[in-house]
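Just so you know, ligand 1 is whichever comes first in the structure, and atom 1 is the first atom listed for that ligand.
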Amino acid sequence: MANRDGFSGKLGFILAAAGSAVGLGNIWRFPYLAGQNGGAIFLLVYLICIFLLCYPIMVGEIAIGRSAGRDAYGSYTKLGGKRWGLLGLFGILAGVFILSFYNVVAGWAFGYFLNISFGDLLNESDYASYFGGFVNDIVNLKSAEGITKSNLIFSLLFMVITAFIVGQGIQKGIELANKIMMPALYLILLGLIGYALTLPNAMAGVRFYLVPDFSELRIQTVFDGLKQAFFSLSLGMGCLITYGSYLNKDQNIPSSAAIISIADTSVAFFSGLMIFPLVHFLQYKLQITGVATAGPPLIFIVLPQIFQEMGPVLGRIMGGAFFLLICFAALTSTISLLEVHVAYLVDQHKMSRKRVVWILALLIFVLGLPSMMSQGMVPSLNKLLFYRGQDFLTFISDMCDISLTLGGCLVCIFVVRTWKIKNMNVELNYGNSNYQNSFLRTYINFAITYICPVLLGILSVLIILEKFIGLEVLF
Ligand code: TRP
């Protein structure tokens, strides 16, 4: 494919892949999972998963993509034949579902950003019921105060922005957007941490987050840590195969993958370092406890209260900055998800990028509607009978988590049995002539051959059983 677009160089690729990795997973999901799973002990499990299991698979995925130079489906077919192409398609499909619900949550963050910066969000008195109303406000186009609270509009807008950027192509769209948003994201995050650490009782939050309490370690912590690590690094569904296919041969894959993993992990780590001091400040101020374990609504219910405590001007600035940060993070991820599907249709079906982008965006937006309506508006979607009364968004997101860890396991099997470790090593030698004799090579080969497929296989099965039958039965 002679005229295939590509990243301009190392920085462009790393920023884009890190942008894909850094997202709602880091700023929304990581802190609430950490809060529910004992804080520091979750962080520890998470870090082990990242470096033991995820890093080798990330290297493998990028190598597959660069070696084949095609979309996820095309890469598997080229290197392993038509049957393996199914794994590519499976990943692409999983990506469609991820984007469908991800865009809904991104829409909430976008709506909060607009309503904190330009609306009356800071005047509320009860943020739990505000959030409950907010996520159910789908068609009310204009609220009394003049700024819309309609989720339909927020998530549609978010999808339109995503589609617009992806439509511009790799260098002029994806790379450029990441080069602007990623540095901005780091700056906002560091600024907010600096502020959070100066608040009263902040150190109690730091302690909760950094000093592990081993009695809190449960099997659920391991499940949550693993699925979060996969989700956060965008692994297991061909996203990094797709981005890897735009990378040129003189780039060093193991070192790029290390930088991407560290960039992603640091944002998750810093998000915790920002949020737990804020949460403990609030607990201290209102003389309450248990806020950290609030679950999914953590940032939407707890943080606005904190911004309110800061007063009307500072609260608006800090709150606006915080939700803008989340929007940037989410956008660099939605871009990468959409690109997986676009690359498939452009490469395999020779469709025009500009047209495909809009068709897919619309389709996936519509596919997200049940998730959007599952937050209370439609009772049958809010409490799924076959899924232990959980809502549809949780169901879809759980199914995607499972397909990512299973996908990761299959990536290893593909490399070891079909593509062969030796071919992967040839690919990894490009741009890194010392790789052949390095300890890293020995480690990555060992992990992809034994540790990753075995552990991921076992854990995926346990997670599936746990989801459908329940932990009580399992242990
Ligand atoms: N990693 C992103 C986050 O943490 C989400 C994401 C983007 C993703 N692309 C992906 C997740 C591919 C799984 C697969 O928010």
I would like to know whether Leu360 and Leu99 meet side-chain contact (heavy atoms from CB on, under 4.5 Å); could you show each step before the answer? CA-CA 11 Å; Leu360 275 172; Leu99 185 52; over 6 Å; no
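At a 3.5 angstrom cut-off on N or O pairs, Ala21 counts as close to ligand 1. Considering both main-chain and side-chain atoms, Leu337 never comes within under 3.5 Å of ligand 1 through any nitrogen or oxygen pair. Residue-to-ligand polar distances place Leu24 within reach of ligand 1: an N/O pair is separated by less than 3.5 Å.
Ligand 1 is never approached by Trp28 to a heavy-atom distance shorter than 4.0 Å.
Closest to atom 1 (N) of ligand 1 among all protein heavy atoms lies Phe231 O, 2.8 Å. The closest protein non-hydrogen atom to atom 8 (C) of ligand 1 is Ser234 OG, 3.5 Å.
Taking the six-membered ring for Trp and the full ring otherwise, the centers of Phe7 and Phe13 sit less than 6.0 Å from each other. Phe30 and Phe269 have their aromatic ring centers separated by at least 6.0 angstrom. For Phe468 and Phe386, the distance between ring centers is not under 6.0 angstrom.
Counted by atom type alone, Ser20 and Ser333 present zero donor-acceptor pairs between their side chains at under 3.5 Å.
Within the 4.0 Å heavy-atom criterion, the part of Tyr102 lying near ligand 1 is the side chain and not the backbone. For Ile98, every heavy-atom contact with ligand 1 shorter than 4.0 Å involves the side chain, none the backbone. Neither the backbone nor the side chain of Asp264 comes within 4.0 Å of ligand 1, counting heavy atoms alone.
Checked by atom type and distance alone, the side chain of Tyr344 never pairs as donor or acceptor with a backbone atom of Ile92 at under 3.5 Å.
Both the sub-6.0 Å distance and the 45° axial angle are satisfied by Arg29 relative to the ring of Phe231.
Residue-environment remark: NZ (Lys249) exceeds the threshold of 12 foreign heavy atoms within 6.0 Å.
Against a heavy-atom cut-off of under 4.0 Å, Gly25 is close to the following atoms of ligand 1: 3 (C), 4 (O), 15 (O). Which parts of ligand 1 touch Met237 is read off a 4.0 Å heavy-atom cut-off, strictly below it: atoms 12 (C), 14 (C). Shown in contact with Ser232 at under 4.0 Å from a heavy atom are these atoms of ligand 1, numbered in order with element: 1 (N), 4 (O). Every atom of ligand 1 with a heavy atom of Ser336 under 4.0 Å away is listed here by number and element: 7 (C), 9 (N). Of all atoms in ligand 1, listed by their number and element, those nearer than 4.0 Å to a heavy atom of Leu404 are 13 (C).
For the residues Ala18, Gly23, Ser20, Ala329, the heavy atom positioned nearest atom 2 (C) of ligand 1 is part of Ser20.
Put simply, the side chain of Val416 does not reach to within 4.5 Å of the side chain of Pro453, judged on heavy atoms. Looking at Phe322 and Ile299, their side chains come closer than 4.5 Å, going by heavy atoms from C-beta outward.
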